[in-house]
Amino acid sequence: MKVLNQKYFSASVNRDLNRLSKISNVAYLVATLVLCGTIIFSYNTLKQILVEQSHLNAFEVSNNELRMTIQESSLYLSDLKQAKEQIESESRLEQKINHRLQAALVNIHKLKTQTSFHLNHLRGYEYYDRFFRMFNGPPDNIWQKLDQYVARLQEVSTNGSSSTAGADLLWLPVEATAAKNGALGKSYETALLRLQKITSERADHLATTHKNLSLISIIIVLLELGLIFIPLRQRLQKVNKKLQSAHEELYLQANFDQQTGFPNTSGIAKQLNGAGSERPYNFLIIVSIFDIENISNIVGPTLLDNFFKNFSHKLAQTFPEDSLIFRTGDNEFGVINHASAGNAYTGNIESLQSKLASKLSVQNAIIYPEFKLGCTTGIITSDNLQDKLINARLSAQHYKHTEPVLPAYVSTMRSKIEEDSLQIERIRTGLKNSEFIPFYQIKVDAQTGLICGMEALCRWIDAGGTMHSPYTFIPLAEKSGLISEMTWQLLDTIANDYKRWCELGLAPGRVAFNAAEMMLREVDFPVRIKRVLEKTGAVHCPIDLEITENIALGSESDSISKSLAAAHELGMHLALDDFGTGFASLSSIVSMDIDIIKVDQSFVRMLSSSNDARNIVASIIKLCQQLEKKCVVEGVETEEEWAFCRDLGCDEIQGYLFYKPAPFDDVVESLRYEQQLKKAS
Ligand code: C2E
Ligand code: CA
Ligand code: CA
């Protein structure tokens with residue numbers, strides 16, 4: 001499966017998106033500005049033309065009306081003449097016509113003002129001057145002609161019915177004709193024709209401008225589409241695609257194990273989420289492979305992936321098809337079954353064990369996987385999956401591959417954990433209150449039985465006065481990391497006690513303490529241990545350091561070997577504790593420059609019953625003699641055991657036969673007693 005570098009990916013997509021967002025921001029701004037500019041420009045241009053057009057129209061309409069009113073008035077003039085020519089002049093008819101004439105006069109006046117008003121609005125257009133001159137000045141002088149005509153009408157209207165009427169009647173038709181077809185009429189006709197022409201010209205202009213502006217707008221929109229929006233959209237689609245495929249890839253990485261392709265815990269939680277409730281999953285088995293380091297050494301680190309891949313396929317072949325198989329951790333797989341399948345396995349664990357332990361080929365290497373199994377029951381859901389995994393892991397701690405039992409989780413396993421964490425808290429408080437003190441178990445010379453030294457053993461006397469065995473608190477102190485602080489505290493007390501014994505004139509011999517691996521890994525171990533040794537007040541270093549075989553195994557680590565070398569240099573003797581029970585090789589005795597070997601008490605326990613045990617103890621004592629190492633036998637409880645060791649030439653004995661671990665004051669008594677015995681003899 002391809003591995004996506006999430007960091008690189010997000011940086012690249014972010015860069016793309018940033019750039020894209022900057023470009024699109026600028027593009028949208030430019031496009032919007034251009035579009036707005038075009039719209040404003042078009043609007044203004046069209047508005048200007050429309051305003052002109054509307055004034056032109058108003059000018060034309062009022063001109064037409066004026067012309068029609070003038071023509072109307074000329075008709076009234078003719079009518080007036082006819083009315084006056086009647087034999088019996090009908091004054092009522094005359095009056096009526098006069099009346100209309102007056103109204104026409106008022107109308108002409110009003111329309112003239114209106115027309116001038118509209119003409120004024122056309123000021124600024126190129127044709128304005130022509131119209132202005134046409135109405136106000138030579139050669140047409142329409143207003144002047146109209147004013148003359150109006151004055152005449154006024155005159156006729158006021159004097160028409162008087163006695164001089166007969167003479168006046170002669171000119172009336174002339175005026176009427178003039179208004180209709182004469183100078184005024186002609187001038188008007190010309191003006192109106194011109195006006196019509198200009199109005200239609202401007203209407204054409206409006207149509208053309210409108211067309212051009214529309215064209216420009218369309219071109220701009222098309223340009224924006226072609227140059228900005230389509231490329232932007234394409235780029236966005238590309239980034240989107242990239243995002244989508246990366247999203248899928250990230251989903252795979254988040255939910256599937258890269259080495260095997262099987263789901264991981266979060267992937268399986270998602271599957272459980274979607275699982276139907278008709279057939280719930282009721283059984284979880286975890287398979288925890290150990291000694292991965294060894295497997296890696298056999299196949300090589302590059303092929304470790306193949307090992308896990310092959311092992312996961314083996315799991316798939318071993319469990320029923322509807323099982324959910326997933327990788328829960330570096331060396332751990334989980335299998336979720338329906339209850340019936342789970343039950344089948346609890347009853348048939350041997351077949352499961354042998355299938356999983358069968359050989360696995362990884363290229364040319366053959367591996368027989370070693371593993372732990374654990375299980376838990378009860379409905380498994382996405383919500384309780386993590387909890388169930390913890391339960392199964394807890395149960396796996398009880399797995400023994402030699403026993404045909406699949407250990408199942410029971411609630412007491414949890415309470416053990418809770419109890420442990422409570423106990424760790426109590427240890428922490430105990431350390432603050434200096435409740436951890438050394439007891440001393442005196443060692444004797446194997447040949448003479450006289451005191452030659454002692455081993456400091458930690459005791460915890462809590463606030464209630466209860467004394468706890470180191471077997472109950474040392475493992476928890478190691479697990480919690482408190483062991484280091486505990487040992488340094490203890491060493492301080494040991495140094496003080498040593499000084500006090502000397503001040504009392506007693507000879508305690510060398511005092512050994514049990515070193516913790518954690519303190520040996522501390523970089524400032526040499527400095528701290530030197531400071532402690534100074535507190536003893538002794539000229540030659542009187543403290544020895546005991547390490548277990550397990551610590552010896554880790555002595556290849558730089559920090560541990562440096563600490564041990566520093567201890568040696570300061571004059572401390574190194575003792576290999578519980579010899580014969582761990583996995584240290586004999587070569588480590590040489591490489592670590594061990595001074596003392598302590599034979600484990602489990603061999604001493606079997607001395608009376610086992611020939612092999614006797615042979616082993618004899619061989620170790622002989623080995624120590626040949627290597628010139630001091631040999632201490634631990635756990636000697638009987639005279640026979642002492643005699644056996646003494647006769648073989650062992651150097652020192654530590655056991656209940658002589659002394660049990662005891663507090664400072666008791667040791668003072670023992671030392672004093674022996675001092676007196678020596679003096680007496
Ligand atoms: P160890 O270092 O092997 O200490 C010897 C243990 O054997 C002591 O048990 C001692 O009381 C016991 N013992 C000695 N002679 C006899 C005997 O004749 N018969 C029997 N049955 N037992 C005998 P203890 O004090 O309970 O300590 C147990 C273990 O706890 C120690 O084994 C050591 O591994 C660890 N331990 C004790 N104190 C410390 C400490 O300060 N630091 C560390 N790291 N471990 C400590
Ligand atoms: Ca010891
Ligand atoms: Ca021991």
Side-chain angles (χ1 to χ4, degrees), residues 54-122 128 130-199:
S54 88
H55 288 311
L56 264 176
N57 283 339
F59 184 49
E60 199 177 344
V61 168
S62 60
N63 256 325
N64 261 330
E65 273 181 44
L66 187 58
R67 166 128 166 98
M68 271 161 58
T69 317
I70 292 167
Q71 282 184 352
E72 215 174 53
S73 69
S74 74
L75 288 178
Y76 295 144
L77 278 178
S78 298
D79 288 350
L80 192 63
K81 188 185 175 204
Q82 267 180 25
K84 284 187 187 291
E85 276 170 359
Q86 301 269 325
I87 299 168
E88 284 171 42
S89 162
E90 278 199 41
S91 61
R92 264 189 60 220
L93 186 65
E94 249 186 84
Q95 259 178 0
K96 225 175 178 176
I97 295 170
N98 250 334
H99 221 86
R100 285 190 184 157
L101 212 54
Q102 277 301 321
L105 269 172
V106 171
N107 218 5
I108 286 171
H109 182 72
K110 195 182 93 193
L111 285 167
K112 189 193 161 193
T113 321
Q114 203 173 305
T115 310
S116 298
F117 172 77
H118 290 309
L119 178 61
N120 257 346
H121 270 104
L122 292 172
Y128 170 78
R130 272 193 289 155
F131 277 113
F132 186 80
R133 257 183 277 116
M134 196 176 252
F135 281 88
N136 292 300
D140 298 306
N141 244 336
I142 292 175
W143 291 148
Q144 201 185 353
K145 282 173 193 160
L146 184 63
D147 287 346
Q148 282 166 6
Y149 174 67
V150 166
R152 203 74 191 113
L153 282 188
Q154 200 72 48
E155 201 180 324
V156 172
S157 162
T158 38
N159 306 326
S161 53
S162 68
S163 54
T164 56
D168 287 335
L169 284 176
L170 290 174
W171 53 261
L172 279 174
V174 181
E175 291 293 333
T177 319
K180 218 172 171 183
N181 305 314
L184 181 60
K186 286 244 168 64
S187 298
Y188 243 109
E189 211 167 311
T190 325
L192 279 171
L193 276 175
R194 275 193 192 160
L195 195 55
Q196 261 173 10
K197 200 172 156 227
I198 284 170
T199 313

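- For the atom pair Leu146 CG and Gln148 CD, the distance stands at 9.5 Å (nearest 0.5 Å).
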request  = Under the side chain to side chain contact (heavy atoms under 4.5 Å, CB included) rule, what do Asp79 and Arg100 come out as? Steps first, then yes or no, please.
outcome  = CA-CA 11 Å; Asp79 288 350; Arg100 285 190 184 157; 5.8 Å; no
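- The closest side-chain heavy-atom distance from His109 to Val150 is not below 4.5 Å.
- A heavy-atom distance below 4.5 Å is not found between the side chains of Glu65 and Glu60.
- Ionic pairing of Arg152 and Glu155 is present here: one or more N-O contacts between side-chain nitrogen and carboxylate oxygen are shorter than 4.0 angstrom.
- Between Phe131 and Asn63 there is no side-chain heavy-atom pair separated by less than 4.5 Å.
- Nearest heavy atoms, Thr69 versus Ala104: CG2-O, 3.8 Å.
- Ring orientation note: the planes of His118 and His121 are tilted relative to one another, at an angle of 30° to 60°.
- Contact of the Tyr76 side chain with the Leu105 side chain is not registered, since no non-hydrogen atoms from C-beta on lie closer than 4.5 Å.
- Distance CG/Leu192 to CD1/Ile142: 8.0 Å, rounded to 0.5 Å.
- Contact annotation: the side chain of Asn120 never approaches that of Phe117 to less than 4.5 Å [non-hydrogen atoms, C-beta and beyond].
- To the nearest 0.5 Å, atom CG of residue Leu195 and atom CG of residue Leu119 are 9.5 Å apart.
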- Task: Would you sort out whether Glu189 and Arg194 count as a side chain to side chain contact (heavy atoms under 4.5 Å, CB included), showing the intermediate values?
- Result: CA-CA 9 Å; Glu189 211 167 311; Arg194 275 193 192 160; over 6 Å; no
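- A donor-acceptor pair is defined here as one N or O able to donate and one able to accept, closer than 3.5 Å; no such pair exists between the side chain of Tyr188 and the backbone of Leu66.
- What you find for Ser73 and Ile108 is that their closest heavy atoms are OG-CD1, 4.1 Å.
- Within the 4.5 Å cutoff, no side-chain heavy atoms of Phe135 are placed close to those of Ser116.
- Going from atom CD of Gln144 over to atom CG of Asp147 covers 8.0 Å, rounded to the nearest 0.5 Å.
- Pairing each heavy atom of Ser62 with each of Leu111, the nearest pair is O-CD2, 4.2 Å.
- For Tyr128, the OH atom sits in a packed shell: over 12 heavy atoms of surrounding residues, nucleotides or ligands are nearer than 6.0 Å.
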